[in-house]
Amino acid sequence: MKVCIAGGGKVGMYLAQSLLAHRHKVTIIEPQEMLCRSLADSLDIPVICGDAVSFDTMRTADVASCDAFVAVTGADEDNLVACQIAKREFGVDRTVARASNPKNRELLHTLGVDTVVCGTDNLSHILEREIETDTIRQLLSLGGGTASLNEILLPENFQFAGQAVKDIPMPGDAILVCITRDAEFIIPHGNTTLLPWDRILCLTQDDTLHLLMDAWGLSGK
């Protein structure tokens, strides 16, 4: 998925690093020019120097093409306004805001922010769990956020269609739990074949999910 992060401080940089490690596309908006240069050099991603509550800055960051917008500046009011602009003016499906003051959590949510987070460690897991794509969505976080149960929809052009599970690459110790095919429920075995439009429940480590997606040719975003 493609994510725009407003705020390039410690929280924004940590989140960007975490998302990049999971093969997501990241753009950062940050007003301080020196910090912008440092982020661009260290992360090798687009960094837009500007104010996240500016329409022009958001347009330059191509926010309209993002799957999610995350505001983690130190000002709760700026995070709120930035999320509102991203959703209402640029059509972003999912907005996430950091609330420095826990008392503002309910207010931000009431005023339209989809997800409000007070802590920082669970930001990346919240994004990966709650933002659904056409191909995959995370249903359950396990092991303190180290693993997850995912639902994968195999596309029409799935490259391993018709092949047995035992012959399909399964990196990262991924485990296929079950397959739903139309109204049929299937417990997969080695000789079970996968077909387009199958819905698969798959258990993976969070830091290796991208390996499975890459191996199956499902990393479209």
Side-chain angles (χ1 to χ4, degrees), residues 1-75 78-87 89-98 100 113-115 117 119-138 145 148 172 204-215 217-221:
M1 67 181 171
K2 185 176 180 182
V3 182
C4 182
I5 300 172
K10 291 181 180 180
V11 177
M13 184 172 184
Y14 162 81
L15 179 58
Q17 289 172 330
S18 179
L19 291 170
L20 289 169
H22 287 74
R23 304 292 183 87
H24 299 295
K25 299 178 181 178
V26 180
T27 299
I28 293 179
I29 297 174
E30 166 57 43
Q32 297 184 39
E33 188 172 343
M34 289 184 62
L35 185 53
C36 287
R37 288 198 295 265
S38 175
L39 289 167
D41 290 341
S42 60
L43 299 177
D44 193 25
I45 61 173
V47 180
I48 309 303
C49 190
D51 195 330
V53 299
S54 162
F55 284 80
D56 289 340
T57 300
M58 286 203 179
R59 193 173 294 110
T60 301
D62 197 18
V63 170
S65 70
C66 292
D67 302 291
F69 181 88
V70 188
V72 291
T73 74
D78 287 349
N79 292 340
L80 169 62
V81 173
C83 285
Q84 288 177 328
I85 294 174
K87 179 173 284 290
E89 303 299 329
F90 292 92
V92 178
D93 288 334
R94 174 67 63 176
T95 56
V96 180
R98 174 195 180 197
S100 299
V113 179
D114 294 308
T115 304
V117 182
T120 59
D121 290 342
N122 59 344
L123 270 171
S124 60
H125 294 304
I126 284 175
L127 281 173
E128 295 206 337
R129 186 175 68 246
E130 294 194 1
I131 298 170
E132 300 180 6
T133 68
D134 291 338
T135 301
I136 182 170
R137 63 189 181 111
Q138 294 194 355
S148 58
T204 70
Q205 297 287 334
D206 270 7
D207 59 357
T208 59
L209 175 60
H210 67 274
L211 297 178
L212 179 68
M213 299 300 286
D214 287 348
L218 303 178
S219 300
K221 288 191 178 184

Practice prompt. Show your reasoning for whether side-chain contact (heavy atoms from CB on, under 4.5 Å) applies to V3 and C66.
Written response: CA-CA 5 Å; V3 182; C66 292; over 6 Å; no
Discussion item. So which atom in L15 and which in V70 form the shortest heavy-atom distance, rounded to 0.1 Å?
Written reply: CD2-CG1, 3.7 Å
Discussion item. With a 3.5 Å distance limit and no angle check, can you tell me whether D114 reaches the backbone of T95 through a side-chain donor-acceptor pair?
Written reply: yes
Worksheet entry | Sequence-distant partners of D93, side-chain contact (heavy atoms from CB on, under 4.5 Å), two or more places apart | none
Item to complete: Can you measure from CG (L218) to CE (M213) and round to the nearest 0.5 angstrom?
Response: 4.5 Å
Response to the item:
The residue among V92, D62, V63, I48 that forms side-chain contact (heavy atoms from CB on, under 4.5 Å) with C4 is V63
Practice prompt. Mind listing the closest non-hydrogen atom pair of V72 and R98 along with its distance?
Written response: O-NH1, 3.6 Å
Worksheet item: If you take all heavy atoms of C83 and V113, which pair is closest and at what distance?
Response: CB-CG2, 3.9 Å
Discussion item. So, taking the atom named OG in S54 and the one named CD1 in I29, what distance separates them when rounded to the nearest 0.5 Å?
Written reply: 8.5 Å
Fill in: Exercise: identify the closest heavy-atom pair between F55 and F90
O-CZ, 3.7 Å
Practice prompt. Would you mind listing every side chain to side chain donor-acceptor pair (under 3.5 Å) that reaches into residues 35-51, with sequence neighbours excluded?
Written response: E33-R37
Worksheet, complete the sentence: Closest non-hydrogen contact found for P31 with C49 is O-SG, 3.6 Å
Worksheet entry | Check: Q32 main-chain N/O paired with E30 side-chain donor or acceptor under 3.5 Å | yes
Practice prompt. Specify the closest pair of heavy atoms between A97 and N79, including all atoms of both residues, with the distance to one decimal.
Written response: CB-CB, 4.1 Å
Worksheet item: If you round to the nearest 0.5 Å, how far is CG of L20 from CE of M13?
Response: 10.0 Å
Worksheet item: Going through the checks in order, is the side-chain contact (heavy atoms from CB on, under 4.5 Å) test met by D67 and R94?
Response: CA-CA 7 Å; D67 302 291; R94 174 67 63 176; over 6 Å; no
Response to the item:
From the list V26, L19, I5, side-chain contact (heavy atoms from CB on, under 4.5 Å) with I45 holds only for V26
